[in-house]
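The figures here come from the full heavy-atom set of this structure, side chains too, leaving out hydrogens, waters and symmetry mates. Whatever order the structure lists them in is the order used to number ligands and atoms, beginning at 1. Predicted model only: the values in this text are computed from it and were never measured.
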Amino acid sequence: MDDLWDLVVVGGGPAGSAAALRAKQLRPDARVLLLDKDDFPRDKACGDGIAAHGREELARLGVPDLIDDYRPTWHLSVVSPGGAHVSATVARPNHVVPRRVFDARLVDAARARGVEVRRHRVRALAASNGHVVLDGDVTARAVVAADGANSTVRRLIGVPATPDKHTAIAVRGYADVPLADDAQLIAMQKDGWPAYAWSFPIGDGTANVGFGMLLPQLRATGLPGRQVLHGRLAELLPHLPARDLRAHHLPLSSGRPRPGAGRVMLAGDAASLINPLTGEGIYYALLSGRLAGEAAVQAADDPLPAYRRELRRALGRHLRTTDVLSRAARSPGFIDAAIDTAARRQEVFDLLVDVGLGAGTVPLPLAGAVLRRWMTNLARRP
Ligand SMILES: Cc1cc2nc3c(=O)[nH]c(=O)nc-3n(C[C@H](O)[C@H](O)[C@H](O)COP(=O)(O)OP(=O)(O)OC[C@H]3O[C@@H](n4cnc5c(N)ncnc54)[C@H](O)[C@@H]3O)c2cc1C
């Protein structure tokens, strides 16, 4: 039997590394073990888009310069399902960093802070004498399950998988773009809505490109998933032929479960923390990982209630906002109105970015402006 660990983190993506980094930041003498089934660097199907909010989390974790060598992206263009268009400058820049690089840097930072990193796939979990035992020989006071969208630990603690209606699926690839291309593009599609393609230039002459849609809508086509996802991507971004295509599903926060059980806290995708409007999950992963790591060392006797409370404080209102908006957004007309309004008013554009990529909420007057535009558009229809 291994020694007793203060914290064992399962999964070395952004959520897991954030948990490990935070625990050591607050308690440098804490014994923290990070387990991942893969060695780093490793690839992860993702749009690689890191919002300004995610970068703030990096600063909180004590690694503010982690992605400073990547070009900031200030321009964002969005085309709505009905063809409304906004192209504007964001208040704070986003970054695009391949996950092969980003995740490995985070794991390295955790290792440098004294976290022990091991390659190991977790398969079993048991509670014993107020501790958690993983695979029979790793004993922990607390566990952060940050093992992603197919979380094994989530299943082992009896938390059901995210229902299909709250699950999206997306494919991403890489395409060549002019070096000067520095605008992020989101092109929404009415057919199979909600669905959109993206192009996120990295700054090195390539862009991460991809296409995502909800799982039930994909199934409703009756066609093989690969054919639909690859086909729609090629159709929506014909000028950007993609290579290294890789797909994965996204458990959306509209179907989020309780965030753990006993001494196990779920973070990031394992907690279904992906924005249902945009598919953004890195910011939530860093944030929830940080809060779980914090609870593990600051409320070591009973970390889950502390984690749940802080998660609610940080994201509660925002998640309720995105729950409501994602229901409204099932009607493409609502998104047309929102984009139309954003094209006319910079503060609405900024707010949409904050709700889609950060922890924003919607003040009533702005919600009213979008609703009025929606009604006007509806009234104009023949
Ligand atoms: C195609 C696509 C595009 C996306 N685009 C964006 C985007 O542009 N911006 C954005 O913010 N979000 C995006 N997302 C969402 C984002 O990828 C996730 O929200 C994010 O990766 C969540 O991080 P995580 O640490 O929770 O999980 P992950 O990054 O998935 O990390 C989980 C880790 O756990 C490990 N693991 C799994 N099972 C075990 C096990 N049993 N034992 C040990 N280790 C295990 C894995 O090897 C992995 O390293 C996208 C998702 C997809 C699929």
Report, in ascending order of atom number, the atoms of ligand 1 lying under 4.0 Å from any heavy atom of [X].
X	answer
Ala170	1 (C)
Gly268	26 (O)
Asp269	18 (C), 19 (O), 20 (C), 22 (C), 26 (O)
Gly11	33 (C), 34 (O), 35 (C)
Ala45	2 (C), 51 (C), 52 (C), 53 (C)

N/O to N/O below 3.5 Å, does that happen between [X] and ligand 1?
X	result
Ala285	no
Tyr283	no
Ala270	no
Leu250	no
Asp36	yes
Gly49	yes
Arg172	no
His249	no
Ile282	yes
His248	no

Does the pair [X]/[Y] count as a salt bridge with the N-to-O cut at 4.0 Å?
X	Y	value
Arg42	Asp103	yes
Arg312	Glu310	no
Arg105	Asp108	no
Asp323	Arg256	yes
Arg345	Asp350	no
Arg155	Asp147	no
Arg246	Asp43	yes
Arg232	Asp191	yes
Arg31	Asp6	no
Asp36	Arg118	no

Check [X] against ligand 1 and report side chain, backbone, both or neither, counting heavy atoms closer than 4.0 Å.
X	answer
Thr152	side chain
Val10	side chain
Ile274	side chain
Arg99	side chain

Do any N or O atoms from the side chain of Lys44 and from the backbone of Gly13 form a donor-acceptor pair under 3.5 angstrom? no
Does Gln346 use its side chain to pair, donor to acceptor, with the backbone of Thr89 at less than 3.5 Å? yes
Going by heavy-atom distance to atom 39 (C) of ligand 1, choose the closest among Asp147, Leu357, Asn275. Asp147
Pick whichever of Ser288, Ala271, Gly54, Gly281 has a heavy atom sitting closest to atom 10 (C) of ligand 1. Gly281
Between ligand 1 and [X], can you find any atom pair, the residue atom being a heavy atom, that is separated by under 4.0 Å?
X	result
Phe200	yes
Ala146	yes
His120	yes

Could you check whether His95 and Tyr70 have their ring centres less than 6.0 Å apart? no
Any non-hydrogen side-chain atom of His248 less than 4.5 Å from a side-chain atom of Asp269? no
